Colleague: 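Here it is: the structure, laid out below.
All chains are named by letter (A, B, ...) in the order of the sequence lines, taking the proteins before the strands, and each is independently numbered beginning at 1. Values in this document were obtained by computation on a predicted structure and should not be read as measured data.
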Amino acid sequence: MTATAVARERLVPIGFSARRRQRLVVALLVGPAVLVVAGALLVPAANLFVQSFMESGGYGQVTYHFTLSNYTDALRDPVYRTVAWHSFGLGALSALICVVAGYPAAYYITFKLRRGRTLALFLVVVSLFTSYLVRLYAWDTILGSHGVINTALIHLGIVKEPLLFLLFSRTAVLIAWVNVFLPYSILMLTSSMQNIRPDLLENARDLGTGPLRTFTRVVLPLSMPGAVAAFTYTFILTSGDYITPALLGGTSSTSLANIVSDEFVALGNRPAGAAISFVMLTIFFLVYLVLTRLEKLRGI
Amino acid sequence: MSDELSPASRFTRQELLRRSLVGGAAIGLAPAFLDSLGGVAAAATTEAASGTINFFSWQGYDLLDEAALKTWRKQNGVTIHSTYVNTHNDITAKFTSGGGKGIYNLSTYEAGYGPFYVGLGIPAPIDVSRVPNFKNAHPLFRTGTIAKKWWNFNGHQWALPFTWGIQAVNYASDKIKAPTSYFDLLKPSFKGKFGVTDDPVAAIVIGAHVTGVFRADSLYTPAQLKKIIAFWSSLKKNARLIVPSYGNMADLFASGEIVAATPGWAAVNSFAAAKGDKSVKHTIPKEGSGTFCDAFMIPNGAKDTDAVYAYINEAFTLEAQAQEAETLVQGAVCPKAVPLMNKETRALYPYKNLTQILTKSAPLEAIPTKVPKGYASFDDWNKAWERFKA
């Protein structure tokens, strides 16, 4: 036996043990999170997925007979389609506004601020300290008939009657969503821009590129993962939002999430509610896949 | 069908309007009066048990603001943790999804939901011997026809009715005159100034009155249901918003965003008054209204029921009934509590004709859970209402 072979024989058990130890560490580190996600998300989701192919057996009851009718009903129903169009459309618009409005702030924080960066990020985060529901109610005092905006407009003589469309309308829902989700977009974009080496911007400028072109050719492509993440995150949470359309949406308030809630709570039709939920989930996945695919196609 | 009512036989609008206008003035007047009632009523006491009541139902039904019950809770070390619902469907969902069983030990249901809830296994049978004060309730609520229909059937007492009332229109009396017809809300002067409440049962009962198809058993053909929803759709076009809950309605009145809302609930007058707007009143337009009666139920699997039984028993003392009628702007079920009410509260509802009213003139809202072929079921109601909101 050669010296190398002897050494290898001795090393194998040591290496094997090290790998086992490493696996154990990984299991201990990841295990709690996996347990929580599996227990609180995957198992209930799998249960709902199975139920979405079953028949309703009366309020809150499920009859375990396979059917596709919950999905065909969800996809064919013109009312659901209209509501889905409004939900996803408004969600996409709010996500787009958050990303576009978030870019200048994130750019300024990342590349222009030197000393106040931490403070700026704190100010972005501090708006998230308030309860979501409290912020929604706060919009009453800003957008309402006797709110800050209408009072100011009337006092300035710009309008004679309060602008009713500001509250209890899709406009109000959009404003509330942008207010709530803009900080998240700024954080995601800032995080993404912090990976861009400042010397790339300097190089671009040295080569005679203007600020706008530097942004569109350097910053924008390199921060695109952050933009995709911010858009997807905002789109999913707004399109699936239940409470904002109910509180601020007026008579055009119903969202797809409200339909899901009605199916579960008012009708007790778990299979139908589950099917609509999984149609929504599929759309969210498709949006995510398309956006990440587009990002890759650009060679970024 | 024998259950059908001619418009002339209904609870007359003039009578209710008069009563609700007089009664509206009652808000804010009663506490001093009620404080002076101490010791008047006859009350049987059960062995009081300290403990915690986890309450799941409408705001106000936990009777937190009634002086008699405040004192009793303090003396007996009973604590109430309340979770309020937005719609009655929240109660159904909570106790059928597993999220409520064993957690909440006191809830309520509206009369019409009785057979439906018993079928779902939501309420546990109540031992009436542990609620001796229930004998104070009018026989109609204990042994009468409506009792056997909604609370006492299949050989068990499933719930104990403690309050009843009318659902029509809430309005801001300092801004508008009381609407005399639901069609008033279609006028341009109401454009964008009122709310439609997300309460399908009350809405469909009111809509049935408006469209002239009302019947006590709530059996409507799909065509009639379509007609009722069409009426609400016409209102929605002129409305400012769908009001998600009665609690939210009070906020909207208090902030001046709406001047009226329907279906209404007289208790909103109190909720809005607590938020600083004492102008909110409740009125019955000429077409009619919904009538409800809510009952305490102990959900299956409830724990710590000694405190719950003791509390329910206390809620049927005459003082508690008089105070509850005042606070909630609703009807008491104990006739002997009526003399303890102040003049305005007493004038709210016609206690002398209770049987006639709740069985004939303005029967309690029924839920069509089991329907003959050719009629719209409760599922159809909810589905139609879901589409109305969309």
Colleague: Please classify the contact of A:D77 with chain B as side chain, backbone, both or neither, using a heavy-atom distance under 4.5 Å.
Modeller: side chain

Colleague: For B:F153, does the CZ atom have more than 12 heavy-atom neighbours from other residues, nucleotides or ligands under 6.0 Å away?
Modeller: yes

Colleague: Show me the side-chain donor-acceptor pairs of residues 165-178 of chain A shorter than 3.5 Å, one per line, residues at least two apart or across chains.
Modeller:
from: A:S169; atom 1: OG; to: A:F165; atom 2: O; distance (Å): 2.4
from: A:S169; atom 1: OG; to: A:T171; atom 2: N; distance (Å): 3.3
from: A:S169; atom 1: OG; to: A:A172; atom 2: N; distance (Å): 3.2
from: A:R170; atom 1: NH2; to: A:H86; atom 2: ND1; distance (Å): 3.0
from: A:W177; atom 1: NE1; to: A:D241; atom 2: OD2; distance (Å): 2.8

Colleague: Below 3.5 Å, can you tabulate the donor-acceptor pairs from side chains in residues 252-264 of chain B to any protein atom, sequence neighbours excluded?
Modeller:
from: B:S255; atom 1: OG; to: B:D251; atom 2: O; distance (Å): 3.0
from: B:S255; atom 1: OG; to: B:L252; atom 2: O; distance (Å): 3.3
from: B:E257; atom 1: OE1; to: A:S145; atom 2: N; distance (Å): 3.3
from: B:E257; atom 1: OE1; to: A:S145; atom 2: OG; distance (Å): 2.8
from: B:E257; atom 1: OE1; to: B:R240; atom 2: NH1; distance (Å): 2.5
from: B:E257; atom 1: OE2; to: A:S145; atom 2: N; distance (Å): 2.8
from: B:T262; atom 1: OG1; to: B:A168; atom 2: O; distance (Å): 2.8

Colleague: Quick check on the structure: residues of residues 49-74 of chain A within a heavy-atom distance below 4.5 Å of chain B, by number.
Modeller: A:Y59

Colleague: Sort B:D379 into side chain, backbone, both or neither according to what part of it lies under 4.5 angstrom from a heavy atom of chain A.
Modeller: both

Colleague: Is it the side chain or the backbone of B:I242 that comes within 4.5 Å of chain A heavy atoms, both, or neither?
Modeller: both

Colleague: Supply the atom-to-atom distance B:D198 CG to A:T254 OG1, rounded to the nearest 0.5 angstrom.
Modeller: 8.0 Å

Colleague: Assess whether atom NZ of B:K187 is packed by more than 12 heavy atoms of other residues, nucleotides or ligands within 6.0 Å.
Modeller: no

Colleague: With chain A as the partner, which of B:T96, B:T369, B:T87, B:V196 has the greatest number of non-hydrogen pairs under 4.5 Å?
Modeller: B:T96

Colleague: Within this structure, what is the OH-CG distance for the pair A:Y137 and B:N248, rounded to the nearest 0.5 Å?
Modeller: 4.5 Å

Colleague: Let me confirm one number: the CG-NZ distance from A:L267 to B:K383, rounded to the nearest 0.5 Å.
Modeller: 5.5 Å

Colleague: So how far is it from B:L241 CG to A:L164 CG, rounded to the nearest 0.5 Å?
Modeller: 11.0 Å

Colleague: If you compare all heavy atoms of A:A246 against all heavy atoms of B:P244, which two are closest, and at what distance to 0.1 Å?
Modeller: O-CG, 3.8 Å

Colleague: Could you name each residue pair satisfying ring pair (Phe, Tyr, Trp, His ring centres under 6.0 Å) that touches residues 238-262 of chain A, not counting sequence neighbours?
Modeller: none

Colleague: Drop me the distance from A:N258's CG to B:E386's CD, to the nearest 0.5 angstrom.
Modeller: 9.5 Å

Colleague: Measure B:K94 against the heavy atoms of chain A and call it side chain, backbone, both or neither at under 4.5 Å.
Modeller: neither

Colleague: Using heavy-atom distances under 4.5 Å, tell me whether A:V265 contacts chain B through its side chain, its backbone, both, or neither.
Modeller: both

Colleague: Might you point out which heavy atoms bring A:V83 and B:A390 nearest each other, and give the distance in Å?
Modeller: CG2-CB, 3.6 Å

Colleague: Check B:N89 against A:A266 and note the closest heavy-atom contact, atom names and distance.
Modeller: ND2-CB, 3.4 Å

Colleague: How long is the straight-line distance from NZ of B:K236 back to OG of A:S252, given to the nearest 0.5 Å?
Modeller: 8.0 Å

